[in-house]
Amino acid sequence: MMKLYSFAGAPNPRRVLIFAAEKSLQLDVVNVDLRGGETKRPEFLSKNPSGKIPVLELGDGTCIAETVAICRYLEALAPEPNLFGRDALETALVEAHHRHIEFELHSSIGAAWVNGPIVAAAGLVQPIEEQRLRGAGLTRKYYQRMDKELANRPFMAGERFTVADISALCMIDFAAAMVDLRPDDALQHLWAWHGRVSQRSSIRQS
Ligand SMILES: N[C@@H](CCC(=O)N[C@@H](CS)C(=O)NCC(=O)O)C(=O)O
């Protein structure tokens, strides 16, 4: 069985777990000691030189790093249900929305997290308060934009559930639980979408 190097509560491995569950693919989850620095040691770096999870290890020992690369591999193994787009146009639109979520929302939440109190207490990074504030502000702005976009369509990339929804949900849940960035209750379209996607069994069991 394929192994997934993961850590409970970490948003990127969660994206892969949801994606695999959508496709009814079984993964053998190996929990790494993220806080104890396991991902920075030579044995793990030989699997992923970035020292990050998730990593998918195949039966022959081949390792695939990066959430999106892993999800694309799983999509090729199990094409249904389709989560990256069916035709040229839908694939391009899913990609555009997904890249906005990764490069704008994830990076803003990441800046608030990396410069916030939990990471500082762990002594991992010298926090920069201006960067935390900037990340938090950009995250709140992105939530407002999402709320407007979701007033006009049920899912992040259009009329149906895709990888873009998985990526947005995992980051927002992480931001709410760990970074003090829960979206305001007034963002009703965002919350309606959140409720809609959270009912999926792949997400309920993650
Ligand atoms: N671009 C990577 C990001 C992976 C990532 O940041 N993973 C986090 C856990 S959710 C991690 O391993 N953090 C530990 C670190 O950065 O040292 C991906 O999408 O897989």
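Counting convention: from 1, in listed order, for ligands and their atoms alike.
- Ligand-side atoms of ligand 1 in range of R15: 19 (O), range being under 4.0 angstrom from any heavy atom.
- Side chains of R160 and N82: a donor-acceptor N/O pair is present below 3.5 angstrom, by distance only.
- The shortest contact between atom 14 (C) of ligand 1 and any protein heavy atom is with L34 CD1, 4.0 Å.
- Between I53 and ligand 1, at least one N/O pair is under 3.5 Å apart.
- Annotation: cation-pi pair R196/F155 present, NZ/CZ under 6.0 Å from the ring centroid and within 45° of its normal.
- Within the 4.0 Å heavy-atom criterion, neither part of R35 lies near ligand 1.
- Residue-environment remark: CZ (R140) exceeds the threshold of 12 foreign heavy atoms within 6.0 Å.
- Residue R14 places no heavy atom under 4.0 Å from ligand 1.
- For atom 20 (O) of ligand 1, the candidate residues are V16, I64, N48, T67; the nearest heavy-atom contact is made by T67.
- Ligand 1 has no N or O atom lying under 3.5 Å from any N or O atom of E102, backbone or side chain.
- Protein heavy atom closest to atom 1 (N) of ligand 1, with residue, atom name and distance, is E66 OE1, 2.8 Å.
- On a distance-only criterion, K40 and ligand 1 share at least one N/O pair closer than 3.5 Å.
- For atom 16 (O) of ligand 1, the closest heavy atom belonging to the protein is K52 CE, 3.3 Å.
- In the hydrophobic cluster analysis, where Ile, Leu, Val, Met, Phe, Trp and Tyr join through side-chain heavy atoms closer than 4.5 angstrom, L4 is grouped apart from I53.
- Remark: distances from the non-hydrogen atoms of A69 to ligand 1 are all 4.0 Å or more.
- Of all protein heavy atoms, the one closest to atom 5 (C) of ligand 1 is N12 ND2, 3.4 Å.
- Using a 4.5 Å heavy-atom cutoff, the side chains of L74 and M2 are in contact.
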- Task: Check step by step if side chain to side chain contact (heavy atoms under 4.5 Å, CB included) holds for I70 and V68.
- Result: CA-CA 5 Å; I70 297 169; V68 176; over 6 Å; no

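- Under a 4.0 Å N-O distance rule, the pair R72/E66 does not qualify as a salt bridge.
- With R182 as the partner, the salt bridge (charged side-chain N to carboxylate O under 4.0 Å, His left out) test is satisfied by one option alone out of D180, D184, D185: D185.
- Ligand 1 places these atoms under 4.0 Å from at least one heavy atom of P54: 20 (O).
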- R200 vs E22, salt bridge (charged side-chain N to carboxylate O under 4.0 Å, His left out): CA-CA, chis, key distance, verdict: CA-CA 9 Å; R200 300 180 76 84; E22 284 287 332; 2.9 Å; yes

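- With a 4.0 Å heavy-atom cut-off, ligand 1 is reached by no atom of A65.
- For ligand 1, the atoms sitting less than 4.0 Å from at least one non-hydrogen atom of P13 are 10 (S), numbered in the order shown with element in parentheses.
- A search for side chain to side chain contact (heavy atoms under 4.5 Å, CB included) contacts involving L133 returns E129, not counting sequence neighbours.
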